[in-house]
Each structure stands twice: as C-alpha cells, then as structure tokens.
Amino acid sequence: MKYQVDEKGFYGDFGGAYIPEMLYPNVEELRQNYIQISESDSFKKEFQSLLTEYVGRPTPLYFAERLSEKYNTKIYLKREDLCHTGAHKVNNTIGQILMAKRLGKNRIIAETGAGQHGVATATVCALMGIECVIYMGSLDIQRQAPNVARMKMLGAEVKAAKSGSKTLKDATNEAIRDWINNPVDTHYIIGSVVGPHPYPDMVARFQSVISAETQAQLLEKENREYPDHVIACVGGGSNAAGLYYHFLDNLRVNIIAVEAAGKGIDSGASAATSALGKEGIIHGSKTLLMQTLDGQITEPYSISAGLDYPGVGPMHAHLFRSKRAEFISIPDQEAMDWGLTLSQMEGIIPAIETAHAFAVLDVKKFYPDEVIVFNCSGRGDKDLDTYIDHFKLK
Amino acid sequence: MKYQVDEKGFYGDFGGAYIPEMLYPNVEELRQNYIQISESDSFKKEFQSLLTEYVGRPTPLYFAERLSEKYNTKIYLKREDLCHTGAHKVNNTIGQILMAKRLGKNRIIAETGAGQHGVATATVCALMGIECVIYMGSLDIQRQAPNVARMKMLGAEVKAAKSGSKTLKDATNEAIRDWINNPVDTHYIIGSVVGPHPYPDMVARFQSVISAETQAQLLEKENREYPDHVIACVGGGSNAAGLYYHFLDNLRVNIIAVEAAGKGIDSGASAATSALGKEGIIHGSKTLLMQTLDGQITEPYSISAGLDYPGVGPMHAHLFRSKRAEFISIPDQEAMDWGLTLSQMEGIIPAIETAHAFAVLDVKKFYPDEVIVFNCSGRGDKDLDTYIDHFKLK
Amino acid sequence: MNRIDQTFKKNEKLLSIYFSAGHPKLEDTLPILVALQDSGVDMVEIGLPFSDPLADGPTIQKSSTCALRNGMTTEKLFDQLENIRDNIHIPLVLMGYFNPIMQYGIERFCQKCQSIGIDGLIIPDLPIDLYHEYYKEVFDKYNLYSMFLITPQTPEARIHFIDSISNGFIYMVSSASVTGAQNTFGKIHEDYFKRIANMKLSTPQIVGFGISNASTYQMATKYSSGGIIGSAFIKFLEKSGVAAIPEFIKSIR
Amino acid sequence: MNRIDQTFKKNEKLLSIYFSAGHPKLEDTLPILVALQDSGVDMVEIGLPFSDPLADGPTIQKSSTCALRNGMTTEKLFDQLENIRDNIHIPLVLMGYFNPIMQYGIERFCQKCQSIGIDGLIIPDLPIDLYHEYYKEVFDKYNLYSMFLITPQTPEARIHFIDSISNGFIYMVSSASVTGAQNTFGKIHEDYFKRIANMKLSTPQIVGFGISNASTYQMATKYSSGGIIGSAFIKFLEKSGVAAIPEFIKSIR
Ligand SMILES: Cc1ncc(COP(=O)(O)O)c(C=O)c1O
Ligand SMILES: Cc1ncc(COP(=O)(O)O)c(C=O)c1O
C-alpha cells in the first residue's frame with residue numbers, strides 16, 4: 001500500500017483535480033513545476049532559511065511531564081504553536097510564497113477559517129511586499145476577531161464570504177472564484193492539504209518539516225526515530241499530514257486523526273467527515289465529504305473554525321479507507337475542556353482545533369513505555385473569547 | 001567604569017534594597033542564595049532545558065531585508081516575540097520559578113503592566129502546578145484584555161490594583177503589600193530589572209540569554225561577536241538589560257535605550273524617565289524616577305502598558321548617568337506608526353512596547369555597513385484592539 | 001443525429017439560454033422551457049442546482065441556492081423532465097457540478113438523461129482530461145454529448161486537443177471570470193473571439209459568460225456560432241416572471 | 001534627654017497614635033495633636049503622606065492620598081509644625097517614606113526636624129543596614145532618633161543587631177502584614193509578643209499594626225512597653241471628627 005500521492009494526483013481512490021477549465025492554466029502550471037521548483041537547491045535554501053530565521057524552526061519537541069505523569073505514558077508535544085504567527089500554517093505559506101514568486105505571480109489570494117492561515121498568508125505577503133486578499137466566512141470573521149485584526153494590520157484585504165454556512169467552505173469557494181477571475185498574475189495559497197492536485201501534495205511536503213524534525217528530535221530523546229503514536233487534529237488535514245508524513249510507511253507508528261464531532265456525530269451539527277462523509281468532490285478534489293444523498297455539500301459545524309470543514313484532504317480519506325489511520329471524533333465540550341486542561345497543566349493555551357487532539361487521552365489507553373507525539377498545531381490566542389465565554393471566566 | 005551590579009547591590013549610585021523590614025527575610029534569603037542557586041549545575045541544566053524545550057529558544061536573529069534596504073543599513077531583529085507566551089518576559093519567569101522551587105516556596109505573586117509578565121508568570125506556575133496571583137492595574141486590565149483572559153485560562157487569579165494611576169506602578173505596590181502579608185511561603189516574581197537588590201541583577205542574568213545568543217548568532221552571520229548598535233525599549237528595562245548584558249563592557253557597541261514619550265515629553269503625559277526623572281526611590285530601589293519636587297511619584301503615561309512606569313531599573317539609571325547608553329524617547333504616535341510599518345514591511349506585528357524601539361530608525365542615521373540589533377521584545381497580539389482603534393482598521 | 005448537431009446545421013447563429021431548474025419557483029422548469037422554445041430560442045441549458053457552484057457568479061449562485069431551498073433535487077428534476085420531449089424539440093443540455101451527478105451514479109445519470117431525451121451535459125468541474133480518461137465511455141454509451149469550456153487563457157495546443165475530442169460545441173468563456181452579466185465587450189474580447197475564430201476549429205463555438213443584451217450577443221456571435229445567456233436571463237426572470245420571457249428574447253435578437 | 005526616652009521612663013505602658021498629616025482636612029494637624037495630648041496620649045506619630053505607601057493597608061493609603069489631594073507637602077507640614085512646641089510637650093515622631101525625605105534633602109530634613117522639636121523618625125522603607133551605613137551620622141548630628149521595625153519573621157540575630165543600634169524604641173509589627181486594624185490578637189500573636197519579651201532587649205518595644213480597641217491594646221501591651229494605633233484611629237477620625245478624639249482614646253484605656 002502506498003500512502004503518498006501517485007503520478008496522476010491520487011491517493012488511492014482520492015484526489016485528482018476536478019476543476020473548471022478556467023483554473024486549468026494555473027493549476028497545470030503549478031503541477032508541472034512544483035516538484036522541480038521545491039526540490040531545487042535555491043528554493044530549499046531559501047525555504048529552510050526562512051523557516052529557521054523567520055518562523056523560528058525547529059520547534060521544540062516538548063516532553064509534557066505533568067501530562068505524562070497523569071496519563072502514565074510518554075507524551076511529547078510538537079510545538080507548532082511557537083511558530084511565528086502561532087500555528088503550523090506558516091510552514092506552508094512560506095513555501096507557497098516562494099513558489100508564487102518563482103512562478104512570477106504578484107498577487108496572492110487565500111481562504112481562511114480560523115484565520116491562522118489568513119494571518120500566515122498575510123504575513124508572508126507583507127514579508128515579500130506582495131498584494132494579498134483573504135477570503136473568510138462572515139461567521140468566522142465574528143468568532144475569530146483577533147485574527148481578522150491581525151490580517152488588517154499586516155496590510156491584507158479581508159473579504160467576507162456570505163454564502164452557505166459562512167465558514168471555511170464558503171471562503172474557499174470565494175477564493176476559487178477570485179482565482180477564476182484573476183487567472184494570470186494571481187497565486188492561490190490554499191491553506192490545507194485540500195484542493196486540486198498538486199495542492200494536497202505540495203502542502204503536505206511543505207508541512208512535512210514537522211515530522212522530519214520530530215524524527216531527529218526523537219532520535220535524540222528516545223534513541224529511536226519514530227514514536228508509537230502520532231496524533232493530530234484534522235480540519236483539512238495539513239498539520240496532521242505534516243506530522244504523519246515521514247511515518248506513513250512505517251507501520252510501527254500508529255496514526256491517529258482527530259476530527260471535530262461538534263455537538264455530537266448524530267446531532268446534525270458536526271464536522272466529523274470520516275464518520276459522516278461519503279466519497280465526493282469538493283474544491284477540486286475527490287475525497288470524503290459530508291453531503292446529502294443528493295450530493296449537496298452539508299453545512300458542517302464545529303466550535304473551532306479551523307475544523308469546521310465538510311471534507312478532509314484526499315490523503316486523509318485514503319488513510320481512513322485503507323485503515324492506515326485511526327479516526328476519532330471529539331465533541332466541542334471535550335475539546336474545550338482540554339483547552340483548559342492543557343493551559344492549567346502545561347501552561348500552554350492551545351487553539352481549540354489543537355485541543356481536540358488531546359482529548360484522545362480520555363478515549364484511548366496508552367501504555368507506560370509508549371511514546372506519543374501530539375501535534376500542538378497552534379496557540380489559543382485567537383480563541384480567547386470563545387474560551388472565556390464557554391468557561392465564564394469573566 | 002563598571003556596569004554590573006556591585007557587592008552591595010548598586011550600579012554606580014543606583015540600586016540597593018530600600019525595603020520595609022517586613023520584606024527583609026525574603027529579600028535577604030534571595031540575596032544570599034540567588035547566585036549560588038542560579039550558578040549551580042542542576043539549575044543551569046533545568047533552566048537551559050526549559051528555555052530550549054518549552055520556551056523555544058534560541059530565538060532567531062532575523063535579518064530584516066526590506067527594512068535594511070529601506071534604511072540602507074544592516075538591521076537584525078532578535079525575535080523574542082517568538083518565545084512561548086509572546087515576549088522575552090518568560091525567560092525571567094522560568095528562571096524565577098525554578099528559584100522559587102529551590103527556595104521551597106509554594107505560592108507565587110507578580111505584578112503586570114502589559115500583561116505579558118503576568119501571562120509568563122501564570123504560565124510557569126501552571127507548568128509547575130503552583131498557585132499564582134497576579135496584580136494588574138485596573139486601567140491595564142481594560143487595555144490589555146487578551147492577556148487578562150490568558151492569565152485566567154492558565155488558572156491564575158488576577159487582582160485589580162485600583163489606586164494611583166491604576167497601572168504598573170500601582171500593581172507593583174499591591175504585589176509588594178501581598179508579599180508583606182505572606183512572608184513565608186510566597187515568592188514574588190518581579191517582571192523587570194526593578195525592585196530591591198538582588199532583583200535587578202537576578203532578572204538581568206535570566207534575560208542575558210538574549211545577548212548570549214546574539215553573540216553566537218552574530219558570529220555566524222557577521223563574523224564578529226558584537227554589533228555596532230543594540231536598541232531596545234525600556235519600561236523597567238528587562239528586555240533591554242537582556243540584550244545589552246554581554247555588550248556592556250564592550251565599548252565598541254553603542255547602546256540605545258528607547259523610552260515612551262507618551263503624548264510628548266513636555267505634555268505632562270509621558271513615561272520618559274531619563275528625560276523627566278530625578279534620583280529617587282521606587283519599589284525598593286534607588287533609581288531615576290518621575291516625581292514631583294516634593295518626592296511624590298508622578299503618574300506616568302504611555303499608550304503602551306508595558307512602558308507606563310515612572311522609573312527605570314537601576315542598571316539603566318546608571319547607563320544613563322554614566323552616558324554609556326544613549327536614551328531616546330518616542331511619542332505614542334510614532335510608536336504606533338512603527339507597529340504598522342513593521343507589520344507591513346516584515347510581517348511581524350510587534351507589541352506597542354517593541355514598536356517604540358524601531359522608531360529610532362527615523363531619529364538616528366546609521367551607516368550602510370553598520371550592524372544594528374533591535375530587540376523585538378514581544379508580539380502585538382495583546383495590542384490588537386489598540387492598533388485597530390488607532391488606525392481605524394475596523 | 002444529436003439534436004445539437006442538427007441545430008448547428010440549421011442555424012447560422014444560435015441563441016441559447018441557461019436557467020437554474022427550480023428557480024424562481026420549483027415548478028417553473030416546464031413553463032420556462034416552453035416559453036423559451038416558443039420565443040425562438042435555439043437551445044437551452046438546464047442548470048442542476050448545487051450547493052457550492054464555484055464557477056458561478058452571485059446571480060447564478062443565488063438562483064441555485066433558491067432552487068435548492070425550493071426543494072429541487074436531481075430526482076425531482078428528472079421527474080419534471082420525464083415527458084419533456086412531448087413538447088420540447090430544441091436541444092436540451094443539463095449543466096451541473098460533478099458531485100451531485102456522482103452521487104446519483106454516473107451511469108444511472110447518463111441512462112436517465114438518455115431516456116428523457118437530454119442531448120448533452122456541461123459539467124464545469126469535470127475537466128476534459130479526467131472525462132476523457134474515466135468517464136467518456138459511459139457518456140458515449142448513452143449517446144450524451146459532453147461539452148467543454150475554453151477561456152482566453154487556454155493554451156492553443158489544449159484548444160486543439162479539446163476540439164479534437166469534443167462533440168456538440170465548445171463553450172467559449174468570454175473572459176476570465178465566473179458567470180455574471182457584463183454590459184459590454186471590449187477590444188480584448190473581440191481579439192480573443194477573432195483569435196479563436198481564426199483557429200478554424202472543427203467543433204462550433206458558442207460564447208458564454210457575460211452576454212446580457214443585444215449588443216453583447218451580436219459582438220459574441222460575430223465570430224462564433226452562438227451565444228449563451230445565463231445571469232442576465234435569470235435576473236430578468238426574477239424581476240419580470242415567466243410570462244415575460246418572449247419580451248426578453250425579443251430584446252436580444 | 002530625648003523626649004521619647006523621658007516618656008518611657010515616666011510610663012509603664014505607652015499609648016501612641018498615628019495619623020496622616022493633612023487628613024481629614026489639610027489644617028487638622030494642630031487640632032489633632034492638641035486633642036491627642038489633652039486626651040492623655042503619650043506619643044504621636046505624624047505621617048508625612050506619600051503617593052506610594054507600600055507598607056500600608058487601605059485605610060492609611062486612603063488617608064495619605066486624601067492628604068496629598070488636600071495639598072499636604074513636606075514644606076507645608078513643617079510650616080504647620082513650626083511652633084508646635086509652644087503647645088505640645090509629648091514626643092513627636094515623623095513617619096514617612098524615604099523618597100520625599102530624600103527629595104527635601106536628608107540633612108536639611110533632619111535639621112528642620114530638630115529645629116521644630118521632632119524627636120525621631122520612622123522611615124519604613126529605609127532598612128536599618130542602609131541607615132546604619134549611610135545616614136545614621138546625619139540623624140545623630142541633629143539628635144534625631146530613628147526607630148526600626150521588627151516582625152514575627154525577623155531572625156533573632158537581626159533583632160539583637162537592631163536592638164544594639166536602636167534608640168527610642170523598637171517598633172514591633174504585630175503580624176506579617178501591612179498596616180490595618182484587626183479585631184483580636186490570637187495565640188500566635190501572644191506567643192510572638194512573649195518570645196520578644198523574653199529576649200530582654202535593651203530598647204523598649206512598642207507594638208504596632210493591628211491594634212484597634214481596648215482588648216488588642218491590652219494584649220499588645222501585656223508583654224511590651226506600649227501600643228501604636230493607626231488605621232483604627234484614622235477610621236474613627238473620618239467618621240467622628242476631631243472633636244470626638246477624647247472619646248476614642250477613652251475607649252482604649
Ligand atoms: C491551530 C490549527 N490547527 C489545526 C487547524 C486545521 O487545519 P489543518 O487540518 O489543515 O491542520 C487549523 C486551521 O486553521 C489551525 O489554525
Ligand atoms: C513586549 C514587551 N516589551 C517590553 C516591555 C517592557 O518591559 P521591560 O522594559 O522590562 O523589558 C514589556 C512589558 O510588559 C513587554 O511586554
């Protein structure tokens with residue numbers, strides 16, 4: 001079984017590029033060039049240098065002592081929350097802005113849910129002095145206000161997507177429409193391992209620095225290059241793809257993907273794609289997708305804007321169907337509780353997205369000598385209002 | 001001339017421990033032990049390990065390309081904004097919590113202005129499972145709401161200081177009163193290089209990791225261990241002390257300290273201590289201090305809560321009087337403008353405190369081959385509301 | 001012979017109309033089709049509404065959302081069209097995104113289309129390459145044409161490739177944009193129309209996206225075999241109702 | 001002989017009162033002093049108000065702030081006290097934080113105190129070590145006593161050191177706390193008072209912080225040479241005014 005993308009852009013049954021012809025030139029240009037460019041020495045050097053000098057990589061692989069003690073196992077946190085701008089998202093935007101420059105583009109668009117990808121995109125655009133437009137669902141604009149403010153500070157234009165559920169899916173539609181309308185000079189920086197090929201693979205490659213570092217760090221700390229479990233939350237799936245990447249073919253590593261159950265899988269207000277989804281096409285990619293019998297895409301729900309997406313990346317659909325990864329879904333309430341727990345036990349306020357992953361500790365039993373790596377995908381600054389409201393901390 | 005503290009706790013004319021007898025046992029215990037403890041192998045190992053694994057050090061020394069080009073000189077940013085919790089403050093709180101543990105304390109108090117020190121303190125207390133009470137001026141509680149929320153998430157109790165100007169000075173008074181009332185089991189984590197000896201020296205030592213790293217990084221990047229200029233904002237002066245530390249005796253390094261002019265030095269609403277202050281006693285230390293002729297401490301003003309303090313640490317008073325450092329004060333408006341400039345030119349939204357430092361670029365001329373290191377002391381997430389209001393970004 | 005080909009034989013310049021099935025009212029499909037045929041329209045594209053129509057501008061998006069809210073489904077549309085060929089003889093093309101078709105079952109969908117008398121499909125998010133490789137066989141089996149888009153940015157070689165495997169017509173997107181009416185076409189558009197005309201493709205081209213009135217229709221059809229009006233028609237329909245359709249068509253040619 | 005020493009000679013148990021000069025009203029200093037002396041108080045501490053009185057609890061803080069707002073300054077207080085010895089013969093101690101004294105000029109301040117007839121100073125944020133090393137000389141020159149605090153946490157050796165260089169009295173802080181009235185003293189306090197009494201120090205001790213009424217005063221003076229009332233007096237003053245002072249003093253002993 002192969003877990004990486006094939007030459008045609010598929011992960012098993014999933015993937016491809018189901019795009020309107022208007023996007024063909026851009027996507028094809030990217031497809032033809034992304035590997036050659038990203039594998040070139042000059043690109044690698046510039047990418048690596050910005051990750052180190054600007055983003056602050058490598059991020060620590062932090063041994064969570066109190067948590068490990070409580071759960072009687074070895075828990076490590078891959079600290080993507082320490083990245084510049086506060087989440088793993090910037091790994092990808094750094095890669096893509098360098099890609100865009102090499103493709104001669106001078107305008108950037110992006111979609112955003114939690115706003116982290118929007119901030120990360122606005123950031124690299126400011127860094128490079130490139131025009132930037134961010135699409136964001138109008139509901140998300142409300143619930144992730146600090147990130148909206150940050151994008152504006154960074155000089156990006158934030159456009160509200162007002163259709164559908166007014167969240168990530170709709171922001172993505174709007175971004176795609178923008179790209180259709182601006183086919184020549186614009187690059188679309190997709191924020192997760194979703195969208196038409198080659199995006200899922202390209203984004204996963206840029207994020208794979210997470211597992212590459214994890215390997216080196218584990219070797220130092222545990223004397224072996226791999227953990228027993230890797231655990232990450234999955235919205236589109238980019239932080240998860242980044243953490244899993246170099247472990248995909250190492251079957252000794254158990255892969256756990258955590259989705260947002262929202263108000264409960266059967267509540268009608270959920271974003272647990274693997275449980276609720278069927279094969280379908282969303283945003284140019286064949287994948288698992290929450291939809292009606294009739295093929296209309298369902299409005300997902302999660303308290304965390306970054307997981308509030310009705311699909312998953314095709315890599316994850318494949319990991320699910322092939323049973324390579326174990327999929328667990330966690331309801332809002334438990335995720336929120338874990339946000340507080342991680343804050344008060346380790347002094348790390350996680351993004352609500354990230355908090356979902358940790359709830360696995362209450363669901364699954366681990367052994368004392370097992371090594372678990374959680375992706376601490378982002379910090380919770382953007383979620384303070386939600387936390388405060390939820391826990392009545394005011 | 002000697003720029004480090006002497007055996008009696010003085011920097012030239014400044015420093016000492018002007019404290020009520022009620023604080024004597026605590027301060028004396030600390031004075032007698034802080035060097036021995038912090039120089040012990042086990043402490044150094046634990047401190048270094050937490051800085052690396054938890055805080056995410058070393059922070060990058062980032063070459064700001066666009067800024068360097070615009071100002072035709074070589075500008076580096078020491079990226080303390082990438083530290084866990086978003087500012088240099090955590091270097092000190094990590095050190096002090098380890099100190100407190102070794103002194104057998106099981107309750108922590110702290111004062112905070114911008115909230116960064118409060119968050120950094122609450123964070124290390126959560127990490128260690130220690131009770132934590134933070135004093136914060138009620139005005140600052142309003143203008144730094146995100147940090148108040150973070151402290152609460154981290155399990156700290158935030159107590160409002162309602163006397164005086166309701167800012168940092170008053171929070172410090174309250175913290176000292178708490179310490180007086182709880183002399184046995186409580187350690188007071190002061191957040192800057194202020195307070196009675198040995199605090200200024202202890203905090204400076206913990207923060208000196210900033211210049212130690214800068215030395216190593218400059219050696220790699222510029223082939224010499226020192227820059228031509230080091231520039232930092234000064235509230236109490238801890239980030240500045242951290243950046244200057246290993247360069248104090250290297251007279252080839254020009255030291256620039258940036259204070260908050262507020263609405264203008266002569267406006268009556270300023271926090272430019274070196275310009276407006278006279279020798280006096282504040283919070284247990286003899287230093288420069290804004291005060292009336294009668295010796296009443298003046299209410300300072302700055303748009304940035306972290307610089308809104310009527311004194312400076314005694315080290316800085318000494319650097320000023322001895323002319324070792326050049327002091328520049330920057331009004332609110334220019335600092336705010338620089339917050340936006342740095343955001344849009346380098347993709348880094350700085351704390352408003354930090355933004356003050358950069359405004360030096362408009363005040364002083366640097367040469368093309370000079371190497372300047374700015375301390376990018378913190379990120380601006382806590383200041384978004386202020387920025388948004390100021391620039392009408394909504 | 002497919003009705004589409006017949007129509008191109010008969011007409012110098014086609015006028016084709018797009019509307020979203022189920023909008024303005026759920027049961028408007030038939031009345032609209034009849035009115036269009038009676039007004040002399042040469043071909044109709046019936047939009048199968050989709051929740052996330054990412055190639056469409058605000059007008060079609062809205063009509064799509066409205067149609068779904070009215071209760072339109074694939075099944076429902078097929079029911080409405082069941083006996084359509086009793087009354088309608090002009091070519092009918094279904095236009096819809098790929099996901100609803102996939103969920104219905106691609107073969108089942110094609111079969112149904114054939115049985116009803118649908119002449120072809122336009123699936124904007126099914127690129128010709130994937131179509132060619134995976135789905136053409138089924139479409140061919142049920143004698144369904146599948147029409148593809150070209151845009152000002154489509155490389156010449158690709159246009160020739162599309163031409164080589166197309167049937168029916170090539171849907172020539174007037175400019176790089178999602179659907180949506182424009183008031184005028186400028187020199188850029190004309191140059192593009194000319195450029196394509198000069199390629200002497202074997203498949204006829206119809207211009208779509210941005211035709212809103214007589215002048216844009218004329219300009220579009222000066223160099224091509226026809227024009228498709230979508231957004232402008234939908235806006236009119238919303239304002240003036242089904243009964244006024246002849247008026248709209250008369251205003252175009 | 002310093003009036004403080006004389007008073008200790010004369011009295012078994014002293015009652016001393018603290019108030020913030022300039023509070024409740026700016027010109028209350030003299031009337032308060034007269035009323036206190038007339039009520040039989042043995043000694044008075046006159047508080048020189050400070051903006052940041054970090055050893056004080058809410059009551060004294062507030063009276064301090066109020067006094068400053070009323071316009072109290074060091075100069076003003078000295079003016080008020082200029083001819084005080086015409087009327088007041090009990091010992092007077094100035095209590096103030098170090099910064100205002102520094103700004104006035106330490107020598108100048110001492111000189112002024114002497115000329116007025118102040119007997120001593122209590123400067124809570126001037127620790128005995130710094131005093132001893134840098135300032136004692138000046139104080140001695142002007143015959144000013146400087147009194148120092150001890151607390152339940154003060155190590156025994158340090159108490160002996162303080163005793164050895166103190167004059168006047170040792171200010172024995174009743175418990176680890178900022179100033180502020182308490183209603184009762186418990187066993188911990190009594191043990192502490194006993195412990196200090198048993199040290200047989202050469203300087204007399206007066207208990208301060210937390211004495212609010214007859215019972216706390218009695219308990220405090222059971223093992224010491226006197227008690228100082230601050231916050232409780234200030235609260236009373238605020239409520240009942242200068243004229244009622246004798247009433248308050250009568251309630252204590
Ligand atoms: C911190 C954080 N984690 C996770 C996610 C989910 O995205 P992905 O599944 O692509 O990692 C987001 C999305 O915004 C995020 O901000
Ligand atoms: C980011 C930042 N920089 C600077 C300061 C000023 O403090 P100091 O002068 O001690 O570095 C603060 C204080 O909160 C701060 O948060």
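Quick caveat: nothing in here was measured; it's all calculated off a predicted structure.
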### Message
Can you list everything that forms a salt bridge (charged side-chain N to carboxylate O under 4.0 Å, His left out) with Lys278(A)? Sequence neighbours excluded, please.
### Response
none
Please examine the side chains of [Y] and [X], heavy atoms only from C-beta on, and report whether any two atoms are closer than 4.5 Å.
X	Y	answer
Arg177(A)	Pro53(C)	yes
Lys286(A)	Phe98(C)	no
Tyr97(C)	Ile281(A)	no
Glu28(A)	Arg158(C)	no
Gln103(C)	Thr292(A)	no
Glu21(A)	Val173(C)	no

### Query
What pair of heavy atoms forms the shortest contact from Pro100(C) to Gln296(A), and how long is it?
CG-NE2, 4.3 Å
### Query
For Gly280(A) and Met102(C), which heavy atoms make the closest approach, and how far apart are they?
CA-CE, 4.0 Å
### Task
Could you tell me which residues in residues 179-186 of chain A have at least one non-hydrogen atom under 4.5 Å from a non-hydrogen atom of chain C, sorted by residue number?
Ile180(A), Asn181(A), Pro183(A), Val184(A)
Side chain / backbone / both / neither for [X] at chain C, heavy atoms under 4.5 Å:
X	answer
Pro20(A)	both
Ala175(A)	neither
Glu174(A)	side chain
Glu299(A)	neither
Tyr24(A)	side chain

### Task
Kindly compute the distance separating CG (Asn99(C)) from CD1 (Ile282(A)), expressed to the nearest 0.5 Å.
8.5 Å
### Query
Within the distance-only criterion (no hydrogens, no angle test), does the side chain of Thr151(C) pair as donor or acceptor with the backbone N or O of Met22(A) below 3.5 angstrom?
no
### Task
Write out, in numerical order, the residues from residues 121-131 of chain C with a heavy atom short of 4.5 Å from a heavy atom in chain A.
Pro124(C), Asp125(C), Leu126(C), Pro127(C), Asp129(C), Leu130(C)
For [X], is the [atom1] atom crowded, meaning more than 12 foreign heavy atoms sit under 6.0 Å from it?
X	atom1	answer
Leu293(A)	CG	no
Ile165(C)	CD1	yes
Lys25(C)	NZ	no
Asp266(A)	CG	no

Contact leader toward chain C among [options], where contacts are heavy-atom pairs under 4.5 Å:
options	answer
Leu23(A), Asn26(A), Ile176(A)	Ile176(A)
Leu289(A), Asn173(A), Thr298(A), Asp294(A)	Asp294(A)
Pro196(A), Gly16(A), Ala17(A)	Ala17(A)

#### Entry: Greatest number of heavy atom pairs closer than 4.5 Å to chain A - which of Leu68(C), Ile150(C), Thr154(C)
Leu68(C)
#### Entry: Selection residues 62-71 of chain C - residue pairs positive for side chain to side chain donor-acceptor pair (under 3.5 Å), sequence neighbours left out
Ser20(C)-Ser63(C)
#### Entry: Phe50(C) portion near chain A, given a 4.5 angstrom heavy-atom threshold
both
